[in-house]
Amino acid sequence: MSLIDPMQKNPQKWILPAVIAIHLAITLPAGYYLNIWVDEASTLYATEQGFWTAFQSAAAEQKQAPLYFWILSLWRSIDGSIFFARLFSIICSIAAIKLFSGLASRIVSPKSALLLTAFFGLHPFLIWASLEIRVYALVILLSVILLRLFFEAFWQNELAQTGSKLRYPHVWFLFAVIVALYTNYYLGFVIAGLFMALVYSGRWREAKRFSLLMVVAGLAFLPLVFEVFAEVRSKSSGFQEARTLSEGIRTLWHHFLTFVFPTEIYPEAEQSLVSYLRLWVMRIAVPIGAGIALWKRHQITTVTKALAVIVVVIGLLLLVSYFILGSLYIHIRHASVLFVPLILLLASLATDLARDLRSEKRKLLAGAGIFLVLAIFAYSTRVIYPNMTKRGDWARVAAFIEQNESSGQPIVLFEAFDALALPYYYRGVNPILPDENYFDFGLQAPSGTAGSMVRQNEFVIAEIPPGTRSLWLVVNEICATSEACRPLENYVEANYTIELEKEFYLVKVYLLKAKTQ
């Protein structure tokens, strides 16, 4: 009998458990400590009244596919806490890491698959998704599942066969497609990319089978079709800002940079030195990489080409969404559907291009890459949450108001949407306003101008009770960086003086006292 532990014989087996352990070591304490921001408050608001309320209102109020909200309402029936709501996202990410490991091992070598899994599992974007009470971690998990089932059902002959073969992969793929469409409409972009990969590769029999499955999926999706059209009309109605191809491509370029070489997931207005250096490194590296790929194009496998088609189709459909809905709907969080395919594409392409390199050179490049990734991941993870807080810093805002308030001082928030977040922390004696119509406002003029949010300004002003002698006003960063709050500011300047003010992360708090007449 050998006295050597099997894990010691093959230390690579430790990598996947270690990646999961590190991911949990980061996300569990942060998930408990971090305050919510307003998008998370919106999810809590949609799911705190039980499944039936979520079933009736999720799509209408959130203007998103409803399945995540239905699931989370059931999940929160066990425990309604903020941490427990975040725990669902963390579990989704852990499942994604495990399944991604198996998917990667079919596309690249076993050793490379473990390194790729570490890249994926420790990526700051996945950590960010784990800490969101939003759908994004589930979207990433479903992206992995769709790709894994797609390759098993339609693309087996050119992939490494690892693990046990799944029975009825086409049935499971169909089920995953239906779940994906009910979870996030943008996952339809992944599905479109999978179909185009079959067409591009000339797999006509598989493409026909895929099409038949999509007919069934389309029939299952019929109950949501009219809701989708209503949501598109709602999001594209009213004032529409000018959209340009260059702006859309610039936004997608930023997402590409974040997924490949992350610095700040949500960069500040003033670019950091690290982000600036990253930009120029990638401006040099991308053309060089493209040139090498063109030079060695005969080495590129059909799997890599298929992944490239999937990525291109997703990118083009995100660009189409930009022109239909505007830049608000292709933020980095919406591009989570691109995250998994892009990482797999670049790994597969690197494997193809490095095939003729000597072993020593590959090891040297791998070592340098590991060192760079560890450094940039450490930086990016550290700066995701300045001062360990999310946008709005609502826990500290609530504590500050409670320490300085008196009764008869209503708390008024701009934007109205922000009034969803403060109640989860505030335990004082004053009402929080607005207390309705959180989702009702869009733009009326170009973003940032004095006329851009006139209706919302007027609504918030009208929420101030008549005769109020003292009140708290809480405004978010849009008031500091633009003229969008000008009507509200004019009203305050005409009727109140500032008694106290305090700045928090992307929000500012004022105590106002009415001017004597």
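Reckoned from all heavy atoms, side chains included, excluding hydrogens, waters and symmetry mates.
Judged purely by atom type and a 3.5 angstrom limit, Asn430 uses its side chain to pair as donor or acceptor with the backbone of Gln409. A donor-acceptor pair is defined here as one N or O able to donate and one able to accept, closer than 3.5 Å; such a pair exists between the side chain of Thr183 and the backbone of Val179. Although no hydrogens or angles enter the test, the distance criterion places a donor-acceptor pair under 3.5 Å between the side chain of Thr468 and the main chain of Pro465. Panel note: side chain Ser321, backbone Leu317; a donor-acceptor pair is recorded below 3.5 Å. Side chain of His254 to main chain of Ile332: no donor-acceptor pair is present (N/O by atom type, distance under 3.5 Å, no hydrogens or angles). Counting only distance, with no hydrogens or angles, the side chain of Glu132 and the backbone of Ser89 share no donor-acceptor pair below 3.5 Å. At least one donor-acceptor pair closer than 3.5 Å links the side chain of Ser470 to the backbone N or O of Leu512. Remark: side-chain polar atoms of Ser380 are not paired, donor with acceptor, to backbone N or O of Phe377 under 3.5 angstrom. No side-chain donor-acceptor contact under 3.5 Å links Asn476 to the backbone of Val507. Here the side chain of Arg427 pairs no donor or acceptor atom with the backbone of Glu402 at under 3.5 angstrom.
Proximity of Phe100 to Leu344: side-chain heavy atoms (C-beta onward) are separated by under 4.5 Å at one or more points. Inter-residue side-chain proximity for Pro431 and Pro410 is flagged as met; some heavy-atom pair is nearer than 4.5 Å. Under the 4.5 Å side-chain criterion, counting only non-hydrogen atoms from C-beta, Arg86 is in contact with Leu34. Contact check for Tyr425 versus Ile36: side-chain heavy atoms found under the 4.5 Å cut-off. Between Leu114 and Pro110, the closest side-chain pair of non-hydrogen atoms is not below 4.5 Å. A 4.5 Å side-chain heavy-atom check between Asp393 and Leu506 finds every atom pair outside the cut-off. Between Leu87 and Leu28 there is a side-chain heavy-atom pair separated by less than 4.5 Å. When side chains are defined from C-beta on, Val177 does not count as touching Phe221, because their heavy atoms never get closer than 4.5 Å.
In this structure, CD1 in Ile343 is found 7.0 Å from CG in Leu116, a value given to the nearest 0.5 Å. To the nearest 0.5 Å, atom OH of residue Tyr182 and atom CG of residue Leu187 are 14.5 Å apart. Here the straight-line distance linking atom CD of Glu152 with atom CG of Leu103 works out to 10.5 Å at 0.5 Å rounding. Put simply, CG on Leu473 and CG on Leu511 are 10.5 Å apart, with the number rounded to the nearest 0.5 Å. To the nearest 0.5 Å, atoms OG1 (Thr251) and CG (Leu318) are separated by 10.5 Å. Rounded to the nearest 0.5 Å, atoms CD1 (Ile478) and CE (Met453) are 4.5 Å apart.
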**OP:** Check the pair Glu405, Tyr426 against side-chain contact (heavy atoms from CB on, under 4.5 Å), reporting the backbone distance first and the verdict last.
**Re:** CA-CA 12 Å; Glu405 70 178 345; Tyr426 177 69; 2.5 Å; yes
**OP:** In sequence, state the C-alpha distance, the side-chain angles, and the governing distance for Phe400 and Val474, and then conclude on side-chain contact (heavy atoms from CB on, under 4.5 Å).
**Re:** CA-CA 12 Å; Phe400 175 75; Val474 184; over 6 Å; no
Original post:
Which is it for Phe189 and Leu338 under the side-chain contact (heavy atoms from CB on, under 4.5 Å) test, yes or no, and what are the steps along the way?
Top reply: CA-CA 9 Å; Phe189 300 170; Leu338 186 62; over 6 Å; no
**OP:** Using the side-chain hydrogen bond (donor to acceptor under 3.5 Å, both in side chains) rule, take Asn387 and Thr389 through it: C-alpha gap first, then chi angles, then the decisive distance, then the call.
**Re:** CA-CA 6 Å; Asn387 299 318; Thr389 186; over 6 Å; no
Subject >> side-chain contact (heavy atoms from CB on, under 4.5 Å) between Leu222 and Val225, worked out >> reply: CA-CA 5 Å; Leu222 277 177; Val225 168; 4.0 Å; yes
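Residues Thr381 and Pro124 share a closest heavy-atom pair of OG1-CG, 3.7 Å. Taking all atoms of both residues into account, the shortest heavy-atom contact from Arg134 to Thr43 is NH1-OG1, 2.7 Å. Heavy-atom minimum distance, Pro434 versus Glu463: CA-OE1, 3.4 Å. Counting all heavy atoms, side chain and backbone alike, Leu307 lies closest to Ser348 at CD1-CB, 4.0 Å. Between Cys485 and Phe414, the shortest heavy-atom distance links the atoms SG-CE2, 3.4 Å. Nearest approach of Ile314 to Pro341, heavy atoms of both residues: CD1-CG, 3.9 Å.
Classified by interplanar angle (parallel below 30°, tilted 30° to 60°, perpendicular above 60°), the ring pair His123/Phe125 is perpendicular. Classification of the Trp155-Phe150 ring pair by plane angle, with boundaries at 30° and 60°, yields tilted. Relative orientation of the Phe210 and Phe154 rings is tilted, given thresholds of 30° and 60° on the angle between their planes.
Of the listed residues (Val19, Leu115, Ile97), just one forms a side chain to side chain contact (heavy atoms under 4.5 Å, CB included) with Phe120, and that residue is Ile97. Residue Phe417 forms a ring-ring contact (aromatic ring centres under 6.0 Å, His included) with just one option from Phe439, Tyr438, Trp37, and that option is Phe439. When each of Tyr68, Phe88, Phe51, Trp70 is paired with Trp75, the ring-ring contact (aromatic ring centres under 6.0 Å, His included) condition holds for Phe88 and for no other.
The neighbour count for Tyr266 OH, taken as heavy atoms of other residues, nucleotides or ligands under 6.0 Å away, is above 12.
Using a cutoff of 4.0 Å between basic side-chain nitrogens and carboxylate oxygens, Lys390 and Glu40 are scored as salt-bridged.
The closest side-chain donor-acceptor pair between Tyr505 and Glu477, if any, does not fall under 3.5 angstrom. Checked by atom type, the side-chain pair Ser130/Thr27 shows no donor-acceptor distance below 3.5 Å.
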